Amino acid sequence: MATTKTKAYGVESEKDNLKPMEIERRDVGDDDVKIKITYCGVCHSDIHTARNEWGGSKYPVVPGHEIIGHVTAVGKNVKNFKEGDVVGVGCLVDSCQECPQCKNDLEQFCEKGATFTYNSDDKHLKGKQTFGGYSTSVVVDKEFVLKIPKNLDEAGAAPLLCAGITTWSPLSHWKIKKGDKVGVVGLGGLGHMGVKFANALGAHVVMITTSPSKADDAKKLGAHEVLISKNEAEMAKHQGTFDFILNTIPVGHKMDPYIGLLKIDATMVLVGAVEPLEPFHGGGIIMGRKRIAGSLIGGIKETQEMLDFCGKHNIVSDIELINMKDINEAYDRVVKADVKYRFVIDMASLGD
Ligand code: NAP
Ligand code: ZN
């Protein structure tokens, strides 16, 4: 298949810093949308993958799955998008479209294996892997392209494509409603979207953070209370009171303190730690019929619903806009939990 060279930023190995490189994108097929990337968010998953923290990274890795851009070309079967449209691409770029999960709008759980935006086997370029949004353009199957509501700021909308859907999906699946006491653990990219969404759904939102310095921001973002997780006396006051907890901690951690916060029959959903957790006490969930669950991004239909909700309620991410060359410093700051609250790369800084 014919390809075109595209500028990108990526790593050659897990020890490498991100640096300029050239990658190939397939030429536009009948079902494809070609997108000139204007902004790309920086997710903690980009760092886990670049640094092979989850294992299985295939190099080179070009991260980036919070993509916003403008359509520059469409294939002949594409009816819903035209040149100039502002569109988004999240974590998924392909799936079988036929299995029960795909038919049920849960492409992320495709039984044949979803194709993720980076570091997946590329279905179109045999023997190659997919490359993400830290680049000037991308070609994506029309079924995996999202419409961005016109009123939303483009740079601020980029993080909706991963941080947004990953927090929206569990809040929606577990039917969070007005008056529920919802805890969001970790005020980073995901956590700050979780706070905004839980607030917009009418919940009583408690930001559960290790960083006392983030308390004022948490309230501006929509938290009604802030709970410092390292403060045992404060944690004790909230014991057994939460209807739902969304846990975005990016690494293995002690779960018992958070389990203790749940009410009877309440659920804590993990989205962050894709790695072993520290052992937790079975009694903590047995006494109270509590549930621990997980959630992975969201399907394409649900992602569009989330974007439309954001358009209606004018919700975007709070971002720090950076130039491509500043990405390595940004990674180090994310790892230190020092980002307000999502880095977004201005892709014009990569050059055409
Ligand atoms: P992030 O911006 O780094 O935010 C994580 C926050 O968690 C930090 O800002 C910090 O907040 C808190 N934290 C960090 N280390 C901690 C520790 N050891 N103990 C307690 N709290 C800690 O990361 P992100 O981009 O939001 O992503 C969060 C995680 O979700 C990552 O692992 C990412 O790979 C994963 N992820 C999963 C999915 C999915 O579909 N399931 C999708 C996207 C991302 P405070 O300072 O407030 O404590
Ligand atoms: Zn992500």
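Keep in mind it's a predicted model, so treat the numbers as computed, not measured.
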message = Can you tell whether the side chains of D180 and K175 come within less than 4.0 Å, N to carboxylate O?
response = no
Flag for H124-D94: side-chain donor and acceptor within less than 3.5 Å = yes
inquiry  = Do L246 and F197 make a side-chain contact, defined as non-hydrogen atoms from C-beta onward lying under 4.5 Å apart?
reply    = no
inquiry  = Angle between ring planes, W174 versus F244, binned at 30° and 60°: parallel, tilted or perpendicular?
reply    = tilted
ask   = Can you get from I319 to M306 by hopping between Ile, Leu, Val, Met, Phe, Trp and Tyr side chains that sit under 4.5 Å apart?
value = yes
Flag if over 12 foreign heavy atoms under 6.0 Å of CD, E22 = yes
ask   = Between H204 and E225, is any pair of side-chain heavy atoms under 4.5 Å apart?
value = yes
ask   = To the nearest 0.5 Å, what is the distance between CE (M287) and CD1 (I285)?
value = 11.0 Å
request  = Nearest 0.5 Å please: distance from the CE atom of M235 over to the NZ atom of K230.
outcome  = 12.0 Å
key: Same cluster (ILVMFWY, side-chain, under 4.5 Å), I23 and Y59   = yes
query = How long is the span from the OH atom in Y134 to the CD1 atom in I327, to the nearest 0.5 Å?
reply = 4.0 Å
task = Tell me, yes or no, whether the heavy-atom count around K128 atom NZ, taken from other residues, nucleotides or ligands under 6.0 Å, exceeds 12.
result = no
remark   = So OG of S95 and CZ of F109: to nearest 0.5 Å the spacing works out to 12.5 Å
task = May I ask you to say whether E329 pairs ionically with R333, meaning some side-chain N is under 4.0 Å from a carboxylate O?
result = no
query = Going by distance alone, is a donor N or O of one side chain under 3.5 Å from an acceptor N or O of the other, for Y341 and D217?
reply = yes
note = Output for pair (T248 OG1, H44 NE2), nearest 0.5 Å, gives 10.0 Å
message = Would you say E154 and H70 are linked by a side-chain donor-acceptor pair, where the criterion is simply a distance under 3.5 Å?
response = yes
inquiry  = Please determine whether a side-chain nitrogen of the Lys or Arg among K76 and D30 lies less than 4.0 Å from a carboxylate oxygen of the Asp or Glu.
reply    = yes
Side-chain H-bond candidate by donor/acceptor type, D46 with Y118, under 3.5 Å = yes
ask   = Around atom NE2 of H313, are there more than 12 heavy atoms of other residues, nucleotides or ligands at under 6.0 Å?
value = yes
Ionic contact status for D216 with K219, cut-off 4.0 Å = no
ask   = Has the side chain of N151 got a donor or acceptor atom that lies under 3.5 Å from a matching backbone atom of G311?
value = yes
note = dist K181:NZ -> L261:CG (nearest 0.5 Å) comes out at 8.0 Å
ask   = Is there a path of hydrophobic side-chain contacts, each under 4.5 Å between heavy atoms of I, L, V, M, F, W or Y residues, that connects V206 with V184?
value = no
task = Considering only NZ, NE, NH1 and NH2 on the basic side and carboxylate oxygens on the acidic side, decide whether K340 and E320 come within less than 4.0 Å.
result = no
Validation row: V86, K150 side chains within 4.5 angstrom (heavy atoms) = no
message = Main chain of S45, side chain of E53: is a donor-acceptor contact present, judged purely on distance under 3.5 Å?
response = no
query = Between M193 and S317, is any pair of side-chain heavy atoms under 4.5 Å apart?
reply = yes
ask   = Going by heavy atoms in the side chains, are Q108 and L92 under 4.5 Å from each other?
value = yes
inquiry  = Counting neighbours of CG on D27 that are heavy atoms of other residues, nucleotides or ligands and sit closer than 6.0 Å, is the number greater than 12?
reply    = yes
key: Verify same cluster id: V274, V61 (apolar side-chain graph, 4.5 Å)   = no
inquiry  = In this structure, would W54 and I47 fall into the same cluster of hydrophobic residues linked by side-chain contacts under 4.5 Å?
reply    = no
key: S135 and Y9, any side-chain heavy atoms less than 4.5 Å apart   = no
key: Note, K123 side chain near V93 side chain (heavy atom, < 4.5 Å)   = no
Flag if over 12 foreign heavy atoms under 6.0 Å of NZ, K58 = yes
message = I'd like to check E111 versus P100 (side-chain heavy atoms, cut-off strictly below 4.5 Å). Are they in contact?
response = yes
inquiry  = Under a 4.0 Å threshold between the charged nitrogen and the carboxylate oxygen, would E14 count as salt-bridged to R51?
reply    = no
